[in-house]
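Note that the coordinates shown come from a computational prediction; the quantities given were computed from them, not determined experimentally. Residue numbers start from 1 in every chain, and the chains themselves are labelled A, B, ... in the order their sequence lines are given, proteins ahead of strands.
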2 protein chains.
Amino acid sequence: MPSSRGSGITLADVAAASGVSTATVSRVLSGNYPVATRTKARVTEAVAELGYVMNANARALARSRAATIGIVVQDVVDPFFGYIARGVERRAAELGLACLIMASQGSKERELELVDLLRAHRAGGVILVGGSADDRGYRTKMAQRARALADEGGNLVLCGRPPLGEGLPTRSVSYDNEGGAFAITSHLLARGHRRIAYVGGPHRLSTHTFRLAGHRRALEQHGVAWDDDLVHVGQFSAAFGRTTLTELLRRGLDATAVFAANDAVAVGVYEAAEDAGISVPHDLSVVGYDDVPVATQLRPRLSTVSVPLEELGRRAAELCITESDAPDADSIVGTHLVLRDSVSAPREARILRAG
Amino acid sequence: MPSSRGSGITLADVAAASGVSTATVSRVLSGNYPVATRTKARVTEAVAELGYVMNANARALARSRAATIGIVVQDVVDPFFGYIARGVERRAAELGLACLIMASQGSKERELELVDLLRAHRAGGVILVGGSADDRGYRTKMAQRARALADEGGNLVLCGRPPLGEGLPTRSVSYDNEGGAFAITSHLLARGHRRIAYVGGPHRLSTHTFRLAGHRRALEQHGVAWDDDLVHVGQFSAAFGRTTLTELLRRGLDATAVFAANDAVAVGVYEAAEDAGISVPHDLSVVGYDDVPVATQLRPRLSTVSVPLEELGRRAAELCITESDAPDADSIVGTHLVLRDSVSAPREARILRAG
DNA sequence: CTGAAAGCGCTAACAT
DNA sequence: ATGTTAGCGCTTTCAG
């Protein structure tokens, strides 16, 4: 940034121009203290004439908290994060909060750094979005950040991830990963599928873990034997879905359906099926998770579980500013199945192969 | 945010703990001034032990500029903006800058407000992303903001939009909207199309205006007569693409190809074609613009013009901190055609109808 | 190479 | 209802 000292107009200028003290100007600007209608008008006028804009940093310093919240996502363009970010940004705007966004790119270490960066900015709240790593050291370090943040008057809010542990000063808003997975696997089961491949996200990532757990519970409840060979853990990406299914097909896939752990993975699964000349849902049924726009762009349209991502973001933004011991500091929003065209009854029991 | 005063650790604490003055601590933290290796070590140690994190607001106040840049997009989830935002965020992180993101939702008034908000935060740079309105009053007001921002030591950077006017303190990084459109229409022409419908973005939005201009120039250069009935102005959305093409098909479409002014519009065009039982590209060729992921997810894969969105964002972030009179304050990044499967030679001259 | 001290612009007691 | 004033935590001359 250029180095000029910035000849900005200050509160004092406004005070001088309207013939009142800086305290009065501050009061009309904050609007949280009685001021005579007349003087208020004079001040407002002076503000407009001088084109005065408040120095948010000075205010944050004086108030020891900024009107800013921070949101850390894995990737800004991933629609899962994108919709949550949109909810956060919109609600924040309504609440008069600015929104600092940062991307961890899936790195736990980076995430920790980003929380510190946000602490440095004295963000009123720091929202951690999406699944978290099941890692002892990480959890300990984040817990320490949670305490520090709380000490400093900020909030750590977990959005779509499990709590850090007992008695920690965090609040959260999540959705039922396990339940959604249970429901969609149950749907597959109800249609007659018994051999279902699970193509999922990163090892020990909470999102994946819970989805897999829901899948497993559905299988158990329907008395379908668990088969480790059917679960494939890797990434939440189209690339992973594609290479995984391609490989399975090469080896001969003994399944009639695949549960893609999110819609992005489903995209890859569709591609692999297409490459192999396998028809969805005729030869292979596919379901996803998240219900992002691509689900309706795929052909056949993808059956998936819908998560109210934007609403999740809005709530997270609110949790940034609610007082510490609110009654429902931890809430859960519902998910629901969206049944489209990617599932049919299994055709016959046979091994699926490329070509 | 909870009201606690924030018992944060300050520079003074670190100074006390390491037995030096606050000035010295400040110097090692800023790293822009010679400090004895020994004392530097002591300070660094104290910082770690106390878990000290700098107060960014205090620093910003003292320096009269924050290590923050602002980015204003129309919509966080739109991939056009998303990829640019990703580039901005990534480059900003590399440069040690935090990134405030705000969404204008396409409102000029809101955009102006957001710039003022970012001014309040003393952002070192404010990046305005995407096409801008061709509106006199708006332009005047934004020009005024540009001057104010420059006065205050900040930068206004235009990313993917035309300059505000002569002699204004702005810098910009764009791509060739007109050229890309010229190229892709030329491609359609080369394949034999003569009747091409243009289904485009918002009236007077620069992006749309330039794309349409390029389209027109290609037509002229190939000696194809201009037909106003073939251009349809509206929104950059799938919904607009769909309703527009549906309506055209209902009335009977005398064209063999459609130029969707961006990929989102193309999505809608595909849907309408599908609804009407019209095959792409057999009955109708389609091209888009932007080359966002959906282009490869569509079937047939969409031919479109690729814009280096993320790179655009990275450059924009850099422009936020380059000194005022840099040699190339205004740059243009190239676009290129990506030819996939959505174009074929026109089948025959006939009117396309639904059903 | 290090310290002392005067701000940066605003807020929030405390007066009046 | 309004003014006074002491900070908020860091940077940056200016001395030493």
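Axis deviation across the helix from dC1(C)-dG16(D) to dT16(C)-dA1(D) amounts to 30°, comparing end segments of five pairs, rounded to 10 degrees.
For the pair Thr22(B) and dC10(D), the criterion of a side-chain N or O lying under 4.0 Å from OP1 or OP2 is not met. Contact check, Ser30(B) against dT11(D): a side-chain N or O comes under 4.0 Å of OP1 or OP2. At least one side-chain nitrogen or oxygen of Thr24(A) sits closer than 4.0 Å to the OP1 or OP2 atom of dG3(D). Look at Thr10(B) and you won't find any side-chain N or O under 4.0 angstrom from OP1 or OP2 of dC8(D). Look at Thr39(B) and you won't find any side-chain N or O under 4.0 angstrom from OP1 or OP2 of dC1(C).
Regarding Arg63(B), its CZ atom lies at a distance of 18 Å from the C1' atom of dA6(C), rounded to whole Å. Distance His121(B) NE2 to dC10(C) P: 13 Å, rounded to the nearest Å. What separates CG of Asn55(B) from C1' of dC10(D) is a distance of 8 Å, to the nearest Å. Between the CG atom of Asn32(A) and the C1' atom of dC10(C) there is a distance of 13 Å, rounded to whole Å. Atom CZ of Arg59(B) and atom C1' of dG7(C) are 17 Å apart (whole Å). In this structure, Arg122(B) places its CZ atom 11 Å from C1' of dC10(C), rounding to the nearest Å. Atom CG of Asn57(B) is separated from atom P of dC10(D) by 10 Å (rounded to the nearest Å). Between the CG atom of Asp13(B) and the P atom of dC8(D) there is a distance of 11 Å, rounded to whole Å.
Under 3.5 Å, the side chains of Ser104(B) and Ser107(B) contain no donor-acceptor pair of N or O atoms. With hydrogens and angles left out, the side-chain atoms of Tyr138(B) and Glu111(B) include a donor and acceptor closer than 3.5 Å. Side chain to side chain, Ser64(A) and Arg122(A) fail the donor-acceptor criterion of an N or O pair below 3.5 Å. For the 3.5 Å distance criterion, the side chains of Ser172(B) and Arg161(B) fail to qualify, holding no donor opposite an acceptor.
Checked against dT4(D), dG3(C), dC8(C), the side chain of Ala23(A) finds its nearest nucleotide in dT4(D). For Leu61(A), the listed nucleotide lying nearest its side chain is dC8(D); candidates were dA12(C), dC8(C), dC8(D). Checked against dG3(D), dA4(C), dG7(D), the side chain of Ala62(A) finds its nearest nucleotide in dG7(D).
In this structure, Leu61(A) and Ala58(B) approach most closely via the heavy-atom pair CD1-CB, 3.7 Å. Scanning both residues, Ala317(B) and Ala92(B), for their nearest heavy atoms gives CB-N, 4.2 Å. Taking all atoms of both residues into account, the shortest heavy-atom contact from Cys159(B) to Ile127(B) is CB-CG2, 3.8 Å. Taking all atoms of both residues into account, the shortest heavy-atom contact from Ile84(B) to Leu312(B) is CD1-CD2, 4.1 Å.
Nucleic acid contact for Val25(B): none, since no nucleic acid atom lies under 4.0 Å from a heavy atom of the residue. Among the atoms of the strands shown, base atoms are found under 4.0 Å from some heavy atom of Ser26(B).
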Pick out the pairs of N or O atoms, protein on one side and nucleotides 14-16 of chain D on the other, that lie under 3.5 Å.
none

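Within the 4.5 Å cutoff, side-chain heavy atoms of Glu311(B) are placed close to those of Arg314(B).
Nearest-nucleotide positions on DNA chain C for Ala36(B) and Ala56(A) put Ala36(B) closer to the 5' end.
Partner of Ser18(B) under the side chain to side chain contact (heavy atoms under 4.5 Å, CB included) criterion, chosen from Thr24(B), Asp13(B), Val43(B): Val43(B).
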